[in-house]
Every structure is written in structure tokens, then in C-alpha cells.
Amino acid sequence: QAIRSARHAKQFGVTFGPPSIDAEAVQRWIEQATAALGKGLGSLAKKHGVELLRGRAVFESSKTVAVRGGSVPRVKFRRAIIAVGSAPAPHPAFDFNAPAVWTPDDAVTVPAIPSTLLVVGGDYLALELANAYAALGSRVTLVYEGGALLEEADRDVFRPVDKRLKQSLEHVGLNTAVSSATADEGGVTVAFDGPDAPPTTTFDRVIVSCGRTPLTGELNLSTTNVELERDAIAVDDRMRTNDSRILAAGDVTGLPFLADRALVQGRIAGEVAAGHDTAFDMEAVPTTVFTDPEIAWVGLSEHQAVAEGITYETIRQPWGASGRAVGLGRPDGVTKVIYEPGSELVLGIGIAGLEASEIIGAAALAIEMGATLTDLADTIHPHPTRSEMLSDACRAALHAAHHSATA
């Protein structure tokens, strides 16, 4: 983000020299930040009387867990919450043990800044990492077997990101499969198939982001009544499994693999385990993708509304109308609102643009509280800000509805 901000500043007369990037210093910063967050969680656990045991947990029954390599041999429990997360899914053409082949988990630590980089995949991790390494100076090629990147995103919201990707990456190949990959000391030589396939190329590094798999395989869940669905733990809206003593939360419960969802599920599981009457509702959980520009959405998407036969209308407010976005040289954004005609109930909101992640929380609150167009239109936002595009969009929708009714 710092590099991108410096580049954009040239538009309004502030010029910086080319950045000098120390990969080892970047990695140290990431390690320091991670350690600080981990230390904070440790202090919070200690404050609340949470006992931390290190080791690998394996179920022995619906009442006990063995702790392998730990300070105690086993733990007997009244309730258990499984939150072991997920691991990167394998790809048949690539060996994750090869030094030049990275999983997304490897890549986020920035072990190096390769001159040439191949990213295989079309999910949010693939796009975020392709964006990040392109900003750091890598020449990035992105290939995906599907016909559209980030398929779950609204196309109106994704369009600014798609445009920027094509500008900043060396090549974006859709409907493109990896036919072979050979790793050696010089990198990874990759051949491709497909109508938009790049030529066979040797890349310094390859990031493989082809989804994730819940980490249930080594838990020995067969000793419990927990049921699996495609390796994911089946839960109800209270995070309860088929075993009355065991709950689960996060990636281990399956798609979508999102931190926002995992955090909410974790809180719900803790409350239910403590005896509270609470439930999980995915509708108000936002999805954010940290690309450039960022994109975020919450509630019902337009393609969901079509698939479910829901009557809806939409309004789009381009950020070219935002004094703040234009003044920062970042008008490449849009705010889109999906609403129910007649009642004016807001069904979904999508945002693309600089720091969309900092705005989507207000949209999530609107969905959670059952807000109408009028509620959002009458909410006063600071001016000039990008957040006011939310109220501006709703006023535009009300204006259009009024003129349609009087026509």
C-alpha cells in the first residue's frame, strides 16, 4: 500500500524515487507484527484464566482428547470446540516440497521477492498475492482454469479490480490449465493449455492457490459422533455438531473460508458452549478482498437474487462523483446497493475502491438492522469522504423511484 500510494502521488505533483525493497526487512516486519499479535492473545488468555496446552490434539472419545507431544497426556472435557482451520489444497502438477513452489501460507511471509512469479488460481488469495507481489516489483502471470476470477463477487463490484489486474500483471489467462510443471534449481518450468494460455515459461517462483481443505484428517473423529461432509465438520446455526458435547467453528466447517466468518462462528460457539441462546447468521458477515482497489460486499448479491428468484432493484454510484476519491487520484471505485422495491429494504451492498474494507462495516450494520434506503440516505456522513457514497447511492435510488412513480 505504501508503494502504491507513492506512485499515485505523482498525479498531484508529489514525486518519490523508485522504492528500495529489502526482502529480509519486510519479512522481519511481518514476523514482528505476528509476534506482537500472538503475545497480545496470550495476555488476553491469561487475563481470562484460559489454560494453554501445546501439543497435537487427537480425540479418543466424545469425552477425552489425547495431547501428543504435550505437557499432559490427555484432557477430559465437558464441551469441546474444534477450530483447527484449513490447509492449502494440493495441485496435481506441483510439489509443495519444492523450494520454488509456494502455498499462499508460504507466500504471505514474503520469503523472497522473485523477478518472475506465476500465480495459479482465481480465488481471493490468488488475487491478493498477485497484487502484492506486483507492487513489490515481481513480473506476475496469473492463470485460472475457470472463466471468471473471483466468481462469487458481483461483476459490477469486481470490474475496477479486473481492470487494474490487467494493467499491473504481465498476463492474466482464464480458461487456462497447467499441463506440466518441472522444478529445478533455476525455478519452475510450466506449460499451459487453453485459448488464453501463455507460452511455456520458467518462473523463479510459483504460488499455488487452488482452494483450501479443512484440517479434519488427523483428529480421529471416528471415535466421536461428529459427522463430516466432504472433509468439513457439519454444524447447525449454533455451531453444534452431531455430537452433543462437541462444537466447531471456522474453516473446519467448510466454505466460505473467511476470517470474518470464522471469528463470528468462534464467538457463537463459545456462547453456545457457555449455555447462551445464540445463533449464526451469514447474511450480515462481510466479505473483503484486499486487492488494489479493495472490494467488499455484504448481504444479498445480485447473482444470488437472480438465482433465488428474489425481486430486486439496484443502484450504482461511481466514485468519480466523490470529491475525496477524485482528490486522491483514486476515482476507480463504485458503491452498489441492492434493495427490495416497494419496501425499500436494503438487501445487499457491494463496494470497490480505496479502503473499501473500512467502509463495509457500516453496510453490514445496515443489513443487520434491516435498514431501508431512506435510513441510509438520511444518515449524515462526513464530507468529503468515500463513505458518503453509501448515502449518495441510496438518495439516487429514492430519486429514481420517485420520478418513476410520478412519470
Side-chain angles (χ1 to χ4, degrees), residues 1 3-4 21 23-24 26-27 29-31 34 85-146 148-151 153 161-162 164-194 196-213 251 257-259 289-292 294-295:
Q1 184 59 43
I3 294 170
R4 293 182 187 127
I21 301 169
E24 291 183 1
V26 172
Q27 192 169 22
W29 173 255
I30 293 170
E31 291 170 353
T34 304
S86 61
H91 188 291
F94 295 98
D95 178 7
F96 282 165
N97 293 317
V101 178
W102 294 343
T103 68
D105 297 1
D106 298 326
V108 294
T109 66
V110 192
I113 301 174
S115 177
T116 56
L117 173 68
L118 171 67
V119 178
V120 180
D123 61 2
Y124 71 95
L125 283 171
L127 302 193
E128 289 177 346
L129 291 167
N131 267 262
Y133 277 91
L136 290 169
S138 298
R139 299 195 305 277
V140 181
T141 295
L142 174 70
V143 296
Y144 178 51
E145 292 187 4
L149 298 173
L150 203 65
E151 293 168 305
V161 178
D162 190 41
R164 184 60 62 86
L165 278 172
K166 291 172 180 175
Q167 293 172 344
S168 61
L169 304 189
E170 291 286 300
H171 183 85
V172 177
L174 298 179
N175 299 305
T176 300
V178 173
S179 56
S180 68
T182 304
D184 55 33
E185 293 182 359
V188 186
T189 301
V190 185
F192 306 91
D193 282 330
D196 196 24
T200 298
T201 306
T202 299
F203 298 91
D204 293 334
R205 296 290 185 275
V206 175
I207 298 174
V208 181
S209 183
C210 298
R212 301 185 70 83
T213 302
D251 284 7
F257 298 124
L258 299 170
V289 183
F290 294 93
T291 46
D292 179 37
E294 293 179 355
I295 54 177

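Computation of the quantities below employed the complete heavy-atom set of this structure, encompassing side-chain atoms and omitting hydrogens, waters and symmetry-equivalent molecules.
Checking T291, V119, D162 one by one against L127, the side-chain contact (heavy atoms from CB on, under 4.5 Å) holds for a single residue, T291. Applying the side-chain contact (heavy atoms from CB on, under 4.5 Å) test between T202 and each of T189, T116, V190 identifies T189 as the sole match.
E170 contributes no side-chain N or O that, together with a main-chain N or O of T141, makes up a donor-acceptor pair within less than 3.5 Å. Under the 3.5 Å distance criterion, the side-chain polar atoms of T103 are matched with a main-chain donor or acceptor of D105.
Residues satisfying the salt bridge (charged side-chain N to carboxylate O under 4.0 Å, His left out) criterion with R164, sequence neighbours excluded, are D292, D332.
At least one side-chain heavy atom of L165 sits less than 4.5 Å from a side-chain heavy atom of L149. Put simply, the side chain of V120 reaches to within 4.5 Å of the side chain of V178, judged on heavy atoms. Looking at heavy atoms from C-beta onward, F94 lies in side-chain contact with V188 at the 4.5 angstrom threshold. A heavy-atom distance below 4.5 Å is found between the side chains of R212 and L125. Side-chain contact between D204 and S138 is absent, with no heavy atoms from C-beta onward closer than 4.5 Å. Taking the side chain as every heavy atom from C-beta outward, Q27 and T109 approach each other to under 4.5 Å. Between I3 and I21, the closest side-chain pair of non-hydrogen atoms falls below 4.5 Å.
Contact detail for H91 and V208: the closest heavy-atom pair is CB-CG1, 3.6 Å.
Sequence neighbours left out, the pairs with a member in residues 98-125 that pass ring pair (Phe, Tyr, Trp, His ring centres under 6.0 Å) are W102-Y133.
Within the model, atoms CG of L117 and CG of L129 stand 8.5 Å from one another, a figure rounded to the nearest 0.5 Å.
Within a 6.0 Å sphere centred on CD of E24, other residues, nucleotides and ligands contribute 12 heavy atoms or fewer.
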